[in-house]
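Each ligand, and each atom within it, is numbered from 1 in the order the structure gives.
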Amino acid sequence: MSLDNRADNRPIGVFDSGIGGITVLRELVKAFPNENYIYLGDTARLPYGSKSPETVRKYSVQNMKYLVSRDVKAIVVACNTASTQVTESMFEGRPVYNVITPGADLAVKKTENKRIAVLGTRATIRAGSYTKKIKELMPEAQVFAQACPLFVPLAEEAWYEDPVTNIIAFRYLQNLKKAEVDTVVLGCTHYPLLKASIRKVFGNYVHLIDSGEAISQELAADFDRDHVKMATNVDKSYLVVALTDHSEQFENLSNELLCTVMTGQIDFETVSVI
Ligand code: DGL
């Protein structure tokens with residue numbers, strides 16, 4: 001804990017199964033450049049989207065316990081699949097931010113025709129959390145949900161702008177395009193990496209809702225309310241990327257995705273969360 005009562009320089013803990021959560025981390029670093037971060041990528045057990053709710057819950061609790069053991073001051077569940085199973089707002093004394101509520105909030109704020117698409121992993125779509133939340137906030141909204149399981153391996157493979165990705169995006173999304181949605185929730189943190197292909201299907205005028213942007217707004221509000229204390233006097237903020245299985249591909253991709261926003265040091269570690 002920081003000695004200064006007004007500051008808390010402990011890191012913010014962020015976790016996902018793989019590279020997707022880096023899209024959330026990128027937004028957090030942009031919004032709060034003075035914070036320190038520890039990113040846990042559960043690469044050994046990726047993907048979460050094809051697992052049962054019980055397994056996803058078990059992995060998420062293990063991940064959160066691990067982050068607590070690294071003395072984080074807050075936990076960001078940078079994974080929609082995990083967010084469907086992490087319902088608590090506090091975990092072992094730390095505030096927990098899941099991506100579903102802020103994503104649904106932002107979608108409802110953006111839509112004009114009240115026709116909203118939700119894309120996600122099979123597990124996220126099966127859980128129905130976005131549809132429920134959007135309907136709570138806007139009962140008259142029409143929600144169209146679509147699982148896009150092949151998007152996660154395409155993102156992990158860094159096929160961000162690739163003819164194969166374009167074809168798969170078209171196949172998953174053509175019916176939603178016909179449904180004339182004006183807002184599309186990217187309900188998996190891997191999907192912002194495939195924005196170019198998703199935009200090709202929907203065109204330039206749909207609102208794409210990104211978990212990272214949504215959760216940054218929620219965290220900013222909590223910093224303002226002093227629910228979480230900001231880090232101050234951090235000369236150079238640091239980021240630790242802890243992976244449950246070593247992956248050179250992951251290191252290269254995350255360096256590439258973060259190099260424009262992260263000025264401080266990035267250290268990679270291989271860890272066990274069990
Ligand atoms: N990035 C995760 C999500 O937001 C899931 C990817 C996976 O492991 O299936 O749902």
Side-chain angles (χ1 to χ4, degrees), residues 13-28 39-64 67 75-87 96-104 106-107 117-133 145-160 165 168-169 172 184-195 198 208-216 218 241-245 247 249-250 253-254 257-258 273:
V14 181
F15 82 86
D16 182 35
S17 56
I19 197 78
I22 296 285
T23 64
V24 175
L25 180 67
R26 193 169 52 178
E27 296 305 314
L28 291 172
Y39 182 87
L40 173 62
D42 194 6
T43 42
R45 304 188 289 193
L46 171 104
Y48 282 9
S50 56
K51 308 277 191 313
S52 69
E54 296 73 26
T55 299
V56 172
R57 167 84 194 159
K58 185 176 89 185
Y59 291 176
S60 304
V61 170
Q62 288 171 342
N63 294 342
M64 291 194 290
L67 290 172
I75 297 172
V76 173
V77 185
C79 172
N80 288 263
T81 309
S83 291
T84 66
Q85 303 306 320
V86 176
T87 47
V96 176
Y97 298 87
N98 86 52
V99 282
I100 309 275
T101 310
L106 198 56
V118 175
L119 317 183
T121 64
R122 279 216 171 89
T124 296
I125 297 305
R126 198 177 48 220
S129 317
Y130 270 112
T131 306
K132 198 165 148 240
K133 194 74 213 168
Q146 174 68 53
C148 310
L150 291 174
F151 280 180
V152 168
L154 290 169
E156 290 284 331
E157 201 55 35
W159 288 13
Y160 304 152
T165 308
I168 293 172
Y172 279 140
V184 178
V185 177
L186 303 177
C188 171
T189 54
H190 282 73
Y191 298 179
L193 297 170
L194 309 181
K195 259 184 190 166
I198 295 170
L208 298 183
I209 307 295
D210 192 313
S211 301
E213 195 190 322
I215 210 160
S216 294
E218 187 174 304
V241 176
L243 302 178
T244 54
D245 195 15
S247 160
Q249 160 87 346
F250 192 107
L253 280 183
S254 48
L257 292 168
L258 293 168
V273 296

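- Side chain of Thr124 to backbone of Gly120: no donor-acceptor contact under 3.5 angstrom is found.
- Scanning both residues, Cys79 and Asp16, for their nearest heavy atoms gives CB-OD1, 3.0 Å.
- Between Asp210 and Lys195, at least one side-chain N (NZ, or NE/NH1/NH2) sits under 4.0 Å from a carboxylate O, which counts as a salt bridge.
- Side chain of Tyr172 to main chain of Leu150: a donor-acceptor pair is present (N/O by atom type, distance under 3.5 Å, no hydrogens or angles).
- When Thr81, Asp42, Val273, Thr244 are each tested for a side-chain contact (heavy atoms from CB on, under 4.5 Å) with Tyr59, only one passes: Asp42.
- Remark: the backbone N or O of Gly21 is paired with a side-chain donor or acceptor of Tyr39 at under 3.5 angstrom.
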Within the protein, flag every N or O under 3.5 Å from an N or O of ligand 1, and note the pair and distance.
residue: ligand 1; atom: 1 (N); partner: Asp16; partner atom: OD1; Å: 3.1
residue: ligand 1; atom: 1 (N); partner: Asp16; partner atom: OD2; Å: 3.3
residue: ligand 1; atom: 1 (N); partner: Thr189; partner atom: OG1; Å: 2.9
residue: ligand 1; atom: 1 (N); partner: His190; partner atom: ND1; Å: 2.8
residue: ligand 1; atom: 4 (O); partner: Asn80; partner atom: N; Å: 2.8
residue: ligand 1; atom: 4 (O); partner: Asn80; partner atom: ND2; Å: 3.3
residue: ligand 1; atom: 4 (O); partner: Thr189; partner atom: N; Å: 2.8
residue: ligand 1; atom: 4 (O); partner: Thr189; partner atom: OG1; Å: 3.3
residue: ligand 1; atom: 8 (O); partner: Ser17; partner atom: OG; Å: 2.6
residue: ligand 1; atom: 8 (O); partner: Tyr48; partner atom: N; Å: 2.6
residue: ligand 1; atom: 9 (O); partner: Tyr48; partner atom: N; Å: 3.3
residue: ligand 1; atom: 9 (O); partner: Gly49; partner atom: N; Å: 2.8
residue: ligand 1; atom: 10 (O); partner: Asn80; partner atom: N; Å: 3.4
residue: ligand 1; atom: 10 (O); partner: Thr81; partner atom: N; Å: 3.0
residue: ligand 1; atom: 10 (O); partner: Thr81; partner atom: OG1; Å: 2.6

